[in-house]
Amino acid sequence: MNVHYISALLAVVVLGFLAYLGTEVLGLQSLFGIFIPYLAVCVFIVGAIMKVMNWAKSPVPFRIPTTCGQGKSLDWIAQNKIDNPSSTVGVVVRMFFEVLLFRSLFRNTKAGIKEGKITYEWEIFLWVGALAFHYSFLTVLVRHMRFFLEPVPYCIKIVETLDGFFQVGLPGVLLSGVVLLAAVLFLLARRVVMPQISYISLMADYFPLFLIIGIAGTGLYMRYFARVDVVAIKELTMGLVTFKASVPAGVNSIVFVHLFFVSVLFAYFPFSKLMHAGGIFLSPTRNMASNNRMVRHVNPWNPELKFHTYAAYEDDFREKMIEAGLPVDKEA
Amino acid sequence: MTNDKPKIIAGLVIFVILVTCPMWINMGKNKPAPKLEMAAEAQAKGYCVLPKADMKEKHMQILDGWRNSVVRSGQRVYVNDQGKRFDMSLSNTCLECHTNKAEFCDKCHVYASVNPYCWDCHVNPKEK
């Protein structure tokens with residue numbers, strides 16, 4: 001038992017009950033279905049922009065050549081152009097792999113002691129879990145665009161068709177939802193079970209995990225177990241994105257629980273570790289070419305100072321210097 | 001990173017456009033849920049395999065069960081709660097009364113972007 005994950009779990013359960021009781025008993029459908037989603041999206045957009053602008057103001061004085069590979073050196077030493085790029089193209093390639101394939105996480109190692117010696121072993125499972133989690137979440141998000149677009153574009157339909165490729169059961173199992181829940185449960189189990197990871201985990205680490213478990217859990221429950229009126233839900237969501245929001249009859253309370261969890265995730269996003277989504281683009285160790293000595297880097301916030309150069313000094317005292325027999329660069 | 005301000009602002013603009021793109025694409029044109037229209041034949045009949053609410057919730061699972069029963073066991077007769085017997089057939093039983101597939105089936109399926117693969121094999125007798 002650990003107070004950090006128990007409190008995170010409790011927080012998510014309380015949020016779920018809040019939305020359920022709020023809509024089922026108190027009839028606050030418009031609060032949970034219209035007002036809170038709008039508020040959450042506004043907080044998300046404004047919060048994320050403010051966070052990034054704040055980061056943009058931070059001083060980044062030096063380039064940090066994290067040497068995961070050989071830097072540019074003599075001609076006969078092969079440079080690792082992706083891991084230690086010296087050009088913008090190389091940086092773009094490195095960022096591409098970092099953002100889309102989590103390349104630095106791929107290099108994750110695990111420290112241990114074997115035969116009395118400290119060892120570092122390659123540990124791939126966090127990378128696999130992270131990749132499964134992020135891509136299934138992206139697929140789920142793209143699929144949900146069917147609720148926000150009418151007519152539904154072909155590219156979104158094709159994602160859903162591929163997602164349900166195996167045509168298991170009815171309604172057909174969509175792989176992304178199942179993979180999402182499995183991956184997020186794995187990421188949670190990792191934090192709970194492994195003592196070292198558990199030791200460094202705080203409520204801020206557990207809360208998003210439980211929240212996403214809540215989102216995926218209610219989503220899967222609605223699709224495969226409860227029967228919800230999808231047409232009514234789409235009427236609600238279409239109203240939201242066209243600013244003509246109203247809550248149609250027949251929308252089950254579990255839908256509002258799902259929607260409330262998503263709203264909380266959106267509103268929480270800019271103020272949490274989840275902002276790594278934006279932060280990855282600003283990582284100084286990833287987004288700068290390792291060209292410290294090839295290019296002269298002038299500190300951009302150096303103050304404008306007036307220097308008295310030697311040439312100017314000589315101009316001031318040239319005659320006196322010649323008189324005193326001192327050597328001058330430029331004769332009078 | 002004062003030198004990178006233009007790049008960061010460009011990134012933020014892309015972010016905002018992506019997040020709000022459903023609003024731009026819809027251009028504020030609300031599309032309310034389609035109204036389901038029952039064919040005259042169905043209204044005349046007055047009953048279906050199951051009560052209306054159950055049909056709305058479970059029609060896909062009933063059809064899936066029928067498909068399995070007919071194709072795998074050769075069992076073609078469905079008996080409902082009232083003891084009424086039905087031939088398990090999408091084209092003959094369902095579409096006999098619900099003659100308006102476009103109005104009755106497709107409208108909601110298209111709106112909710114549900115693509116039942118019934119029509120991969122079955123034909124709508126009206127469309128022959």
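No experiment lies behind these values; they were computed from the predicted model shown. Sequence lines set the chain letters: A, B, ... in the order given, protein chains first and strands last, and positions in each chain run from 1. Just so it is clear, the values below take in all heavy atoms, side chains as well, and ignore hydrogens, waters and symmetry mates.
Of all non-hydrogen atoms in B/V110 and A/E150, the two that sit nearest each other are O-OE1, 4.5 Å.
Heavy atoms from other residues, nucleotides or ligands lying under 6.0 Å from OH of A/Y38 number more than 12. More than 12 heavy atoms of other residues, nucleotides or ligands lie within 6.0 Å of NZ in A/K273, so this atom counts as buried by the packing criterion. Taking a 6.0 Å sphere around CZ of A/F271, one finds it holds more than 12 heavy atoms contributed by other residues, nucleotides or ligands. The neighbour count for B/M55 CE, taken as heavy atoms of other residues, nucleotides or ligands under 6.0 Å away, is above 12. No more than 12 heavy atoms of other residues, nucleotides or ligands shown are found within 6.0 angstrom of CZ on A/F96.
The parts of A/F148 that come within reach of chain B are both its backbone and its side chain, each placing non-hydrogen atoms under 4.5 angstrom from that chain. If you measure heavy-atom distances from A/V152 to chain B, the contacts under 4.5 Å come from the side chain alone. For A/P151, the parts lying near chain B are the backbone and the side chain together; criterion is any non-hydrogen pair under 4.5 Å.
Separation of atoms CG (A/L282) and CG (B/D4) is listed at 8.5 Å; rounding is to 0.5 Å. To the nearest 0.5 Å, atoms NZ (A/K51) and CG (B/L12) are separated by 13.5 Å. Note that CE of A/M145 is 8.5 Å distant from CD1 of B/I25, once rounded to the nearest 0.5 Å. Distance check, rounded to the nearest 0.5 Å: CD of B/Q61 to CZ of A/R227 gives 4.5 Å. Rounding to the nearest 0.5 Å places CE of A/M53 at 4.5 Å from CD1 of B/I9.
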side-chain contact (heavy atoms from CB on, under 4.5 Å), that's the test. Do B/K31 and A/T242 meet it? Break it down for me.
CA-CA 9 Å; B/K31 309 270 173 59; A/T242 52; over 6 Å; no

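Using a 4.5 Å heavy-atom threshold, the side chains of B/Y111 and A/M238 count as touching. Residues B/T20 and A/I45 meet the side-chain proximity criterion, which asks for heavy atoms closer than 4.5 Å.
With hydrogens and angles ignored, the 3.5 Å screen pairs a side-chain donor or acceptor of A/R146 with a backbone N or O of B/A112.
Contacts with chain A were tallied for B/P116, B/S113, B/P22; B/S113 has the most, counting heavy-atom pairs under 4.5 Å. Interface check for chain A: of the options B/M60, B/M27, B/K56, the most heavy-atom pairs under 4.5 Å are formed by B/M60. With chain A as the partner, the residue from B/G11, B/A33, B/C21 showing the most heavy-atom pairs under 4.5 Å is B/A33.
For A/F44 and B/F15, the distance between ring centers is under 6.0 angstrom.
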